[in-house]
Amino acid sequence: MLLISYDPVSGWSVPEIKPYGPLALDPMSSCLQYATTIFEGMKAYIGPDGTPRLFRPEQNMARLERSAERVALPPFNSAELLTLIKRLVTLEKRWIPTLPGYSLYIRPTIIGTRAALGVAASDHAMIYVVLSPTGPYFRTGPKPLSLLGVSDTVRAWPGGTGGHKLGLNYSPGFLPQRLAAQQGYDQILWLFGEDKRVTEVGAMNVFVVVKRDDGNWDVITPALDGTILPGVTRASCLALTGAHPERTTLPNLPAALKLHTHERPLTMPELFAWQQEGRLLEAFGVGTAVIVAPIGRIGFEGNDLVLPKHQAGLGPLGSALWERITEIQRGQFEWEGWSVTCE
Ligand SMILES: *Cc1c(COP(=O)(O)O)cnc(C)c1O
């Protein structure tokens with residue numbers, strides 16, 4: 001693990017890479033009492049030339065800086081942190097699995113370590129980065145998720161913290177997730193407001209594909225209004241979808257097909273209406289862990305909205321994005337410098 005600590009007198013310490021192990025923390029540490037904990041999720045892959053690669057890591061570093069600012073943790077130099085993460089990954093390169101679908105998960109974390117009774121910003125902190133090999137989210141190919149639309153508990157709200165990767169955003173979702181699982185659903189579809197706006201799926205951003213009257217497709221994801229986590233996968237899906245067919249063609253999609261991307265509110269009644277008109281083509285969740293996960297059905301107020309079944313599990317756009325993003329991550333397809341080597 002990589003470890004760096006901060007105190008208000010000497011600033012950030014000399015970084016250390018040392019064996020994975022427990023931390024010693026004062027029981028009154030800010031992170032333990034007030035959840036002053038922020039994190040990132042990234043992955044490393046081995047490229048065709050054998051060098052480890054990261055996917056758009058500067059995006060994760062920028063998001064980590066914003067998270068630190070939001071909970072008043074001390075600022076840090078994210079370019080320097082990225083250099084250290086590259087060093088750590090290079091050192092631990094033998095742990096990066098090369099099988100398709102496998103990768104090395106990277107978890108940069110910053111905790112507030114101020115030990116005091118007062119409810120105030122933490123002027124002491126610790127950055128640590130740990131690694132773990134991970135396998136594919138779906139062991140036997142993508143299996144469409146069943147979602148329970150939930151609006152009596154909310155993940156995020158206007159003016160809240162849902163747009164940042166703060167530890168405190170996640171534990172309140174554990175109980176609703178358990179209740180949804182007891183009813184036979186895989187994940188929660190977080191809804192918000194009177195109009196039942198779709199926000200996120202578990203800890204993934206969400207996309208739907210709707211057929212237009214002219215036969216082309218609308219690709220819709222909720223706008224970043226502060227309740228939506230600005231996912232790197234979300235941004236990448238929007239960019240690649242927006243580039244088809246003018247700047248690149250996505251795998252197995254016709255070059256004549258136009259994809260119109262929209263970042264805008266998306267409501268449950270709209271989904272039901274499109275489904276009834278036969279225009280709802282596919283829906284999927286996106287995030288670093290899964291890349292693209294198909295949505296099979298959505299339980300909402302006693303009704304099940306069933307999405308079209310696709311042979312590969314994922315629909316045409318979902319599989320095109322999954323294929324193209326994994327190719328870019330592994331250095332098999334060059335796109336706008338998104339894949340960054342560590343050495
Ligand atoms: C991390 C996360 C995502 C996905 O972000 P990526 O950068 O694509 O991994 C989506 N929603 C929530 C709530 C998250 O925490």
Side-chain angles (χ1 to χ4, degrees), residues 35 37-45 54-68 70-71 78 82 85 101 103-110 129 131-132 134 136-137 145 147 150 153-158 160-174 176-177 180 186-192 197-208 219 221-241 261 263 266 283-293 295 318 321-322 324-326 328-329 335 338-340:
T37 304
I38 67 174
F39 64 95
E40 272 303 321
M42 311 161 67
K43 284 175 168 179
Y45 314 83
L54 301 173
F55 181 69
R56 310 188 73 185
E58 65 297 333
Q59 300 280 327
N60 297 92
M61 293 298 103
R63 192 166 65 191
L64 190 63
E65 280 192 303
R66 294 197 300 270
S67 297
R70 183 63 186 82
V71 293
S78 71
L82 182 54
I85 290 173
S103 57
L104 184 70
Y105 186 76
I106 308 168
R107 173 52 67 90
T109 309
I110 310 183
V129 183
L131 310 171
S132 171
T134 50
Y137 188 90
L145 297 172
L147 308 180
V150 166
T153 34
V154 294
R155 191 196 82 85
W157 50 91
T161 55
H164 295 90
K165 239 174 160 65
L166 313 183
L168 56 84
N169 287 335
Y170 301 87
S171 54
F174 296 163
Q177 169 62 37
D186 298 315
Q187 291 276 339
I188 287 178
L189 181 65
W190 295 108
L191 305 175
F192 187 85
R197 288 201 294 287
V198 170
T199 62
E200 297 206 47
V201 178
M204 288 182 271
N205 295 118
V206 61
F207 281 78
V208 304
V219 180
T221 192
L224 301 178
D225 62 356
T227 68
I228 308 293
L229 196 288
V232 179
T233 320
R234 174 189 178 278
S236 305
C237 288
L238 277 173
L240 289 169
T241 303
T261 60
E263 297 176 75
L266 184 66
F284 48 86
V286 308
T288 295
V290 65
I291 308 172
V292 185
I295 297 170
L321 289 170
W322 187 87
R324 183 48 45 85
I325 290 174
T326 51
I328 298 171
Q329 287 171 335
W335 183 256
W338 284 3
S339 181
V340 175

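Note that ligands are numbered from 1 as they come in the structure, with each ligand's atoms numbered from 1 the same way.
One N or O on the side chain of K43 and one on the backbone of A289 form a donor-acceptor pair closer than 3.5 Å. Remark: the backbone N or O of G287 is not paired with any side-chain donor or acceptor of R234 at under 3.5 angstrom. For N169 (side chain) and H164 (main-chain N/O), a donor-acceptor pair under 3.5 Å exists by modelled atom type.
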Dump the pairs for me: ligand 1 N or O, protein N or O, distance under 3.5 Å, to 0.1 Å.
from	atom 1	to	atom 2	distance (Å)
ligand 1	7 (O)	R63	NH1	2.8
ligand 1	7 (O)	R63	NH2	3.1
ligand 1	7 (O)	V232	N	2.8
ligand 1	8 (O)	V232	N	3.3
ligand 1	8 (O)	T233	N	2.9
ligand 1	8 (O)	T233	OG1	2.6
ligand 1	9 (O)	T288	N	3.0
ligand 1	9 (O)	T288	OG1	2.5
ligand 1	11 (N)	E200	OE1	2.5
ligand 1	11 (N)	A203	O	3.4
ligand 1	15 (O)	K165	NZ	2.7
ligand 1	15 (O)	Y170	OH	2.5

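With sequence neighbours excluded, the residues satisfying ring pair (Phe, Tyr, Trp, His ring centres under 6.0 Å) with F55 are W338. Checked against salt bridge (charged side-chain N to carboxylate O under 4.0 Å, His left out), R56 has no partners two or more places apart in sequence or in another chain.
The list of salt bridge (charged side-chain N to carboxylate O under 4.0 Å, His left out) pairs with a residue in residues 198-208, not counting sequence neighbours, reads R155-E200.
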